[in-house]
Amino acid sequence: MNISSALDLAASQPLPLLILDFDGTVCLGDGPVLAYADAVAHFLPDTATPAFRDGLDAFLAHDPAAAQFKDGYAAVAALAEGLVDAQALNRAYAQSRQRLAAGQVEISTPPGLADFLAGLAGRAHRMVLTNAPLEGVGESLAALGLAGTIDGIVPDAGKPAGFIHLLPKLLAGRPPRELMSVGDVWVNDIEPPARHGCATAFIDRFNHRTGDAALREPRFELLYPGITEWAADPAAFTITHPGTSPSLPEKAQL
């Protein structure tokens, strides 16, 4: 399914839209980030590699003394800043996604996610919307046993700015409360849709306590009951969860 057809299918659905991030949300484990770091390390001076590795390990281990970043990918890029140029970082990222697609990277999924998503069939249209390229996403969903529980994939989404043009296409005139965005990076996955009145569920893995979200838990599986409540009645959910606060009229154009 290409991007256009995935968006068209979502727009045509009468069901509420459940939008899921991929890395750190559906696909868990530090394997993809470590694969990216391995590829970046090939471009680093030998003397810089130990500090680079130690800094990333400390962040991933939730060391309170470690520098804070929005996620592991941002940590890799920041720790390599000034040592590796943007072109090399892009090449390293592409190499890591090739390894992911080939099944060479250890990944997992939140407990019970396949059953949870399967249980939403007929009650919500389930989509993955990710900044990652398509390569590696479909293969990983299949490997994780999730291929049959996802109704569409939108890669290269360009979040957060990408939501500006994606939300109108996804909503297609429906009330914003009928879309819920789930993710682990608040500025990418939560802030833009929440600002326009959509429901949100934030996986606050690193306890960033950044901004509001309708639902917030440290692990995805703890969000299942709240997401089920939203799918059953988005209008009632919006009233009872103040983290969903539209700043624009429901039918406003983005």
Side-chain angles (χ1 to χ4, degrees), residues 20-86 88-113 128 130-133 135-137 139-141 143-144 146 157 159-160 182-191 201-211 213 216-223:
L20 305 170
D21 181 46
F22 181 68
D23 290 286
T25 299
V26 168
C27 178
L28 298 186
D30 295 327
V33 169
L34 294 174
Y36 178 37
D38 289 344
V40 169
H42 287 294
F43 297 101
L44 290 172
D46 290 342
T47 55
T49 302
F52 170 77
R53 294 287 194 186
D54 289 346
L56 181 61
D57 288 346
F59 172 75
L60 295 177
H62 301 195
D63 186 335
Q68 294 301 300
F69 310 97
K70 68 178 183 179
D71 62 11
Y73 294 97
V76 170
L79 291 166
E81 188 174 2
L83 300 169
V84 178
D85 62 26
L89 286 176
N90 289 338
R91 287 164 57 193
Y93 181 72
Q95 291 169 13
S96 73
R97 303 314 283 193
Q98 290 166 5
R99 288 184 58 193
L100 180 63
Q104 299 171 355
V105 175
E106 186 175 350
I107 55 175
S108 62
T109 194
L113 182 60
V128 167
T130 173
N131 284 352
E135 183 175 24
V137 176
E139 296 91 342
S140 296
L141 291 174
L144 293 169
L146 298 175
K159 298 181 289 185
V182 183
D184 65 314
V185 179
W186 187 84
V187 70
N188 283 3
D189 306 312
I190 306 303
E191 192 277 336
F202 181 35
I203 304 164
D204 197 0
R205 175 186 177 191
F206 296 106
N207 194 30
H208 283 162
R209 308 300 299 177
T210 40
R216 178 196 300 266
E217 294 289 352
R219 301 190 307 278
F220 191 178
E221 63 268 25
L222 299 177
L223 294 168

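The analysis underlying the following values was restricted to heavy atoms, covering all of them including side chains, and did not include hydrogens, waters or symmetry mates.
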Any side-chain heavy-atom pair of R216 and I190 under 4.5 Å: no

Minimum heavy-atom separation for S108 to G29, with atom names? OG-N, 4.4 Å

Within the 4.5 Å heavy-atom criterion, are R205 and H62 side-chain neighbours or not? yes

Where F52 and A37 come nearest, the two heavy atoms and their spacing: CE2-O, 3.7 Å

Heavy-atom check, side chain of N188 versus side chain of P160, under 4.5 Å: yes

Full working for salt bridge (charged side-chain N to carboxylate O under 4.0 Å, His left out) between R219 and D184: CA-CA 9 Å; R219 301 190 307 278; D184 65 314; over 6 Å; no

Find out whether F43 and L89 are in side-chain contact, i.e. whether some heavy atom of one side chain is under 4.5 Å from a heavy atom of the other. no

Plane angle bin for Y36 and Y73 - parallel if under 30°, tilted between 30 and 60°, otherwise perpendicular: tilted

For residues V128 and F22, report the shortest heavy-atom separation together with the two atoms involved. CG1-CB, 4.0 Å

Does L56 reach the side chain of L34, with side-chain heavy atoms less than 4.5 Å apart? yes

Residues T25 and F220: closest non-hydrogen pair is O-CD1, 3.4 Å

Nearest heavy-atom pair of G31 and V105: which atoms, and what distance? C-CG1, 3.1 Å

Does CG in D46 sit with more than 12 non-hydrogen atoms of other residues, nucleotides or ligands closer than 6.0 Å? no

Pick from V40, L79, V76: which one makes a side-chain contact (heavy atoms from CB on, under 4.5 Å) with V84? V40

Salt bridge (charged side-chain N to carboxylate O under 4.0 Å, His left out) test vs K159 passes for just one of D71, D23, D189, namely D189

To the nearest 0.5 Å, what is the distance between CD on E139 and CZ on R97? 10.0 Å

Could you measure the distance from the CD atom of Q104 to the OG atom of S96? Nearest 0.5 Å is fine. 11.5 Å

Taking atom CD of E106 as the centre, report whether more than 12 heavy atoms of other residues, nucleotides or ligands fall under 6.0 Å from it. no

One should read off an interatomic distance between L146 CG and T109 OG1, to the nearest 0.5 angstrom, of 4.5 Å

CD-CG distance between Q95 and N90, expressed to the nearest 0.5 angstrom: 11.0 Å

Are E191 and V185 close enough that some pair of their side-chain heavy atoms sits under 4.5 Å apart? no

Measure the spacing between CG of D54 and OG1 of T49 and express it to the nearest 0.5 Å. 10.5 Å

Heavy-atom closest pair (G183 atom, D21 atom, distance to 0.1 Å) is CA-CB, 3.9 Å

